[in-house]
Amino acid sequence: MEHEPEGRIIGRIERGLTSDDPELAARMSTLNAQFSGQGRDGGPVPPEAGPRPKPRRSRRRRTVLVLVVIALVGLLLTAVLNASSDGTAPPAGSLTPAVSM
């Protein structure tokens with residue numbers, strides 16, 4: 001018995017667990033079917049039953065949308081900060097536009 005192949009030992013353990021707890025056995029067979037790509041009866045899982053891969057287009061679209069929002073916020077902040085009309089003189093050392101008369 002000590003030289004029994006591993007497959008037989010695992011098979012005996014599985015059969016023992018299945019007979020002890022049939023509900024656990026049903027859950028395990030469902031999980032095994034999901035991860036192996038097979039249905040409960042050993043056949044392939046129909047395409048609608050498995051998880052659907054997300055299209056890459058939505059990831060690109062989301063990235064572009066985030067970049068556009070960042071650009072718009074930057075433009076808005078630039079416009080607000082440059083249009084300060086409180087009448088104070090610009091700080092020393094800053095460039096001021098030339099006035100022609």
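This is a predicted model, so every value here is computed, not measured. Computed from heavy atoms alone, side chains included, the values below leave out hydrogens, waters and symmetry copies.
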Taking all non-hydrogen atoms of both residues into account, name the closest pair between Arg8 and Arg15 and its distance.
-> O-NH2, 4.4 Å

What's the shortest heavy-atom distance between Ser19 and Pro22, and which atoms?
-> O-CD, 4.4 Å

Indicate, with yes or no, if Leu77 and Val69 share a hydrophobic cluster defined by side-chain heavy-atom contacts under 4.5 Å among Ile, Leu, Val, Met, Phe, Trp and Tyr.
-> yes

Remaining members of the apolar cluster that contains Leu75, side-chain heavy atoms under 4.5 Å | none

With Glu23 via side-chain hydrogen bond (donor to acceptor under 3.5 Å, both in side chains) - residues at least two apart = Arg27

Apart from Ile70 itself, what residues make up its hydrophobic cluster, given side-chain heavy atom links below 4.5 Å?
-> Val66

